[in-house]
Amino acid sequence: MSIYDTLNEQQREAVFCTQGPLLLLAGAGSGKTRVLTHRICYLMEQGVNPYHILAITFTNKAAKEMRERVDSLVEFGSEHIWVSTFHSTCVRILRRHIDLLGYDNSFTIYDGDDQKSLIREICKRFNIDTKMLPERAIINSISSAKDEFMTPAEYETTYQYDFKKKKIADIYKEYQKQLKANNALDFDDLIFKTVELFQFHPEVLEKYQERFQYIMVDEYQDTNTLQFHLISMLARKYKNLCVVGDDDQSIYKFRGANVKNILNFEGQFPDATVIKLEQNYRSTKSILDAANGVIKNNQTRKDKALWTENVDGELIEFHQYGTEYEEAANIVQKIEELSAEGEPYKNMAILYRANAQSRVFEEKFMLKNIPYRIVGGTNFYQRKEVKDMICYLKVVNNGMDDLAAKRIINVPRRGIGATSIDKIQTYAMEQEIGFMDACFQAQEIETLKTAKKKVQKFGDVILGYRNYLEDHSLEELFQYILETTGYIKDLEQQETEEATARIENINELLNKVVSYEEEAEEPNLSELLEEIALVADIDNLEESDNKVVLMTMHSAKGLEFPNVFLCGMEDGVFPSYMTITSEDSEELEEERRLCYVGITRAKERLFLSAAKRRMMQGRTQFNKVSRFIDEIPKELLKVDRGINFSDKRPDHDIFSSSRNTKFRKPFQRRQLDLPKTESLDYKEGDSVNHIKFGVGKVTSIVSGGRDYEVTVDFEKAGQKKMFASFAKLKKV
DNA sequence: CTCCTTTGTCTTTTT
DNA sequence: GACAAAGGAG
């Protein structure tokens with residue numbers, strides 16, 4: 001009896017197929033992690049040195065789990081396998097070789113917030129109207145350019161006749177210049193620079209090709225073009241590349257993921273073996289059928305049929321509540337009931353479309369004293385106080401990080417305001433030196449008057465820290481910074497709840513520093529900062545905590561729970577307003593894939609819910625039940641009359657008229673009991689004004705349930721479809 | 001320079 | 001409703 005006997009035929013085939021390119025199409029819950037771990041194990045049995053194996057996962061958490069699972073299968077050697085995310089892999093490579101590209105090896109990693117600050121600064125300097133060109137759009141454009149391996153120069157020549165893009169090209173160019181001057185890389189650069197390194201230094205590439213003779217990539221459907229490039233460079237020599245993915249679970253198009261990577265794999269590697277894993281081991285039949293019912297509405301997908309031998313299981317429950325508060329109250333109550341029946345809290349997860357939806361649940365859980373954990377949202381390391389302390393560490397570590405220096409120069413208050421900072425910056429640019437270096441030369445800056453001394457003093461403080469680190473540990477440095485800045489003392493004096501929470505956060509960061517120093521082989525500041533920059537919130541989700549988990553469906557990818565609550569199943573929430581109004585049908589399909597991911601997280605029970613009205617951005621919105629609910633086969637759904645409705649209005653069950661609902665569109669009768677938008681003051685053919693798109697002509701008005709769907713041909717923006725209640729069109 | 005108030009702007013997902 | 005940016009008083 002070998003460990004491979006428990007695998008099914010396709011799984012075994014995949015495990016034993018070790019040579020040459022292999023595409024593994026693995027449906028949700030089909031045991032792909034088992035296949036990957038067993039495959040690694042088999043490779044080692046075949047005499048492959050674990051040193052030659054590279055496995056790329058999507059999160060650090062997945063990497064850790066994979067290593068542990070391999071470790072439980074093999075007797076020794078698992079620690080030599082290189083298992084990590086794309087980003088961590090690249091950092092490891094760049095730390096060794098980035099000097100070949102003219103960067104310092106102690107480079108800093110910029111997160112999304114840093115990126116935004118830098119872009120904002122550049123826009124200000126370039127006098128760019130961020131109303132015409134929002135920062136978000138600029139960042140996205142630069143990010144997509146990098147995803148396509150396009151340098152600023154290439155971007156400029158490609159788009160020289162497009163006014164807006166030409167502007168972006170200027171910003172992109174300056175942005176890269178600044179990054180380099182600050183000795184910093186953003187997330188995309190980590191991959192980009194690694195590819196560049198391999199391109200310009202074939203001897204380095206060859207070294208890694210020799211090292212990584214067997215490569216595996218998980219969640220392959222979510223790789224972008226640049227990542228594909230990286231992988232194919234590495235695999236070019238030995239061609240032992242195994243990619244695992246599911247096109248139905250591709251949910252990161254918005255950040256550059258390219259489904260074509262998986263759809264065209266056989267085109268890129270013509271001799272590839274393709275194996276499909278279609279048996280689901282995770283979910284009950286009802287849950288799986290519901291998921292299949294939804295996903296089959298997508299036009300562009302590889303045909304496949306996921307099946308299971310599992311029991312039918314319970315029906316899927318769907319409730320429509322009056323408000324999001326009722327929704328939360330009832331879900332929490334259900335969780336209490338399940339808990340009373342003996343279900344551990346950690347077996348229950350609440351999944352939603354957007355992070356903002358977590359708040360109502362959090363309030364309820366606190367009130368009821370139920371342990372919970374929210375994953376995502378504002379990351380721990382993005383909190384003001386934590387970020388402040390990190391910036392101190394960054395400045396100590398990398399003297400060229402202007403952004404970090406500017407952040408802390410007046411935190412705590414040192415009497416150095418915006419005008420002084422500008423003066424230092426101007427001087428730094430004239431002298432072509434870094435911001436921090438300019439601070440060290442404060443005496444030379446003529447424009448500074450009373451601030452001269454203060455800036456000088458700040459410089460001395462930083463120099464003091466650097467000296468201190470020479471013969472002290474990181475923990476000691478951190479403590480020293482806390483003391484000398486008086487950061488905690490300031491907070492203590494405030495005596496507010498908020499301040500106490502901040503102190504706790506700083507202490508948690510201190511814990512991180514301590515535990516890093518204990519675990520690392522050779523602790524150093526760069527590595528600590530890199531660990532901080534590259535962790536995702538999900539990475540810290542401990543299997544052992546018995547807590548209800550709350551997170552977005554995006555974050556839930558790759559996880560599974562016995563009981564799953566999918567809330568906010570409303571058109572406008574999920575699918576989101578953005579995707580409904582977009583004319584690109586691809587976006588709705590991605591949203592549907594997300595729904596598929598959400599449903600397939602559930603093993604035993606699935607609860608779906610919606611609210612008739614909910615507060616969104618301070619306005620009450622009336623939402624129709626999500627179209628995805630409609631796509632689930634009716635016989636799988638159990639729709640109860642609302643329980644515990646707190647508002648006394650007669651409640652109309654959406655399926656109420658009779659059992660015999662097969663022939664009617666289930667949700668249409670709702671238009672009777674929901675307030676319709678006030679009658680419109682414009683009709684087809686009228687000219688109307690929209691706050692963003694300007695003037696246009698109404699081409700059609702369709703009554704869709706509680707709202708009107710209005711199509712307008714705008715003079716500038718072209719044709720748009722919108723809901724009357726959202727669009728606030730004015731007749732002109 | 002700092003602190004407080006007011007105004008305006010959004011709609012998503014993240015390494 | 002939340003949060004950032006701008007404006008105003010000390």
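What you see is a predicted model, and the numbers here were worked out from it, not measured in a lab. Values below: every heavy atom of this structure, side chains too, minus hydrogens, waters and symmetry copies. Chain A is the first sequence line, chain B the second, and so forth, proteins listed ahead of strands; every chain is numbered from 1.
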What's touching nucleotides 13-15 of chain B from the protein side, N or O pairs under 3.5 Å?
from	atom 1	to	atom 2	distance (Å)
dT13(B)	OP1	Asn355(A)	N	2.8
dT13(B)	OP1	Asn355(A)	ND2	3.3
dT13(B)	O4'	Arg353(A)	NH2	3.1
dT13(B)	O2	Arg353(A)	NH2	2.6
dT13(B)	O2	His554(A)	NE2	3.3
dT14(B)	OP1	Thr552(A)	OG1	3.2
dT14(B)	OP1	Ser555(A)	OG	3.2
dT14(B)	OP2	Asn355(A)	ND2	3.3
dT14(B)	O4'	Arg255(A)	NH1	3.4
dT15(B)	O2	His87(A)	NE2	3.1

* Quick one: do the Ser84(A) and Thr89(A) side chains pair a donor with an acceptor below 3.5 Å? -> yes

* Flag the pair Arg627(A) / Leu588(A) as yes when at least one side-chain heavy-atom distance between them is below 4.5 Å, and no otherwise. => yes

* To do: Look at all strands and tell whether Asn410(A) reaches a base, only sugar-phosphate, or nothing, counting heavy atoms closer than 4.0 Å.
  => sugar-phosphate

* When the ring planes of His87(A) and Phe187(A) are compared, do they come out parallel, tilted or perpendicular, using 30° and 60° as the limits? -> perpendicular

* Angle class for the Phe149(A)/His229(A) ring planes (parallel below 30°, perpendicular above 60°, tilted otherwise)? -> tilted

* Asked: Please walk me through it: do Asp114(A) and Lys387(A) pass salt bridge (charged side-chain N to carboxylate O under 4.0 Å, His left out)?
  -> CA-CA 10 Å; Asp114(A) 300 327; Lys387(A) 191 106 203 219; 2.9 Å; yes

* Asked: When you compare dT13(B) with dA4(C), how far apart are their P atoms, in angstrom units rounded to a whole number?
  -> 15 Å

* Structure fact -> Ranking dC1(B), dT11(B), dG1(C) by distance to the side chain of Met578(A), first place goes to dT11(B)

Hey, what are the protein-to-nucleotides 5-7 of chain C N/O distances that come in under 3.5 Å?
from	atom 1	to	atom 2	distance (Å)
dA5(C)	OP1	Arg120(A)	NE	3.4
dA5(C)	OP1	Arg120(A)	NH1	2.3
dA5(C)	OP1	Arg120(A)	NH2	3.3

* Structure fact -> Nearest heavy-atom contact between Ser526(A) and Arg95(A) is O-NH2, 3.7 Å

* Asked: Who pairs with Arg593(A) by side chain to side chain donor-acceptor pair (under 3.5 Å), at least two apart in sequence or on another chain?
  -> Glu590(A)

* **Which residue lies more 5' along DNA chain B, comparing Thr579(A) with Arg414(A) via nearest heavy atoms** => Arg414(A)

* **Backbone N/O of Asp189(A) and side chain of Asp186(A): donor-acceptor pair under 3.5 Å** => yes

Is there any protein nitrogen or oxygen under 3.5 Å from a nitrogen or oxygen in nucleotides 8-10 of chain C, and what are the pairs?
none

* Structure fact -> Counting only Watson-Crick and G-U wobble pairs with both atom distances below 3.5 Å, the stems of 3 or more consecutive pairs that include DNA chain B are B:1-10 with C:1-10

* To do: Considering just the side-chain nitrogens and oxygens of Arg359(A), establish if one lies under 4.0 Å of OP1 or OP2 belonging to dA2(C).
  => yes

Look for any protein N or O under 3.5 Å of an N or O in nucleotides 3-10 of chain B and output each such pair with its distance, or none.
from	atom 1	to	atom 2	distance (Å)
dC3(B)	OP2	Arg413(A)	NH1	2.4

* Asked: Within 45 degrees of the axis of the six-membered ring of Trp82(A) and under 6.0 Å from its centre: does Arg67(A) put its NZ or CZ there?
  -> no

* For the atom pair NZ (Lys146(A)) and CG (Leu190(A)), what is the distance rounded to the nearest 0.5 Å? -> 9.5 Å

* To do: Kindly say whether Asp246(A) contributes a backbone atom to a donor-acceptor pair with the side chain of Gln221(A) at under 3.5 angstrom?
  => yes

* Applying side chain to side chain contact (heavy atoms under 4.5 Å, CB included) between Glu570(A) and each of Arg614(A), Lys612(A), Lys624(A), report the one that passes. => Arg614(A)

* Measure from the ring center of Tyr252(A) to the ring center of Phe58(A) and say whether it is less than 6.0 Å. => yes

* Indicate yes or no for a side-chain donor-acceptor contact from Asp147(A) to the backbone of Asn224(A) under 3.5 Å, with no hydrogens or angles considered. => no

* Would you mind classifying the nucleic acid contact of Ser88(A) as base, sugar-phosphate or nothing, using non-hydrogen atoms under 4.0 angstrom? => nothing

* Parallel, tilted or perpendicular for Phe254(A) and His554(A), by the 30°/60° rule? -> perpendicular

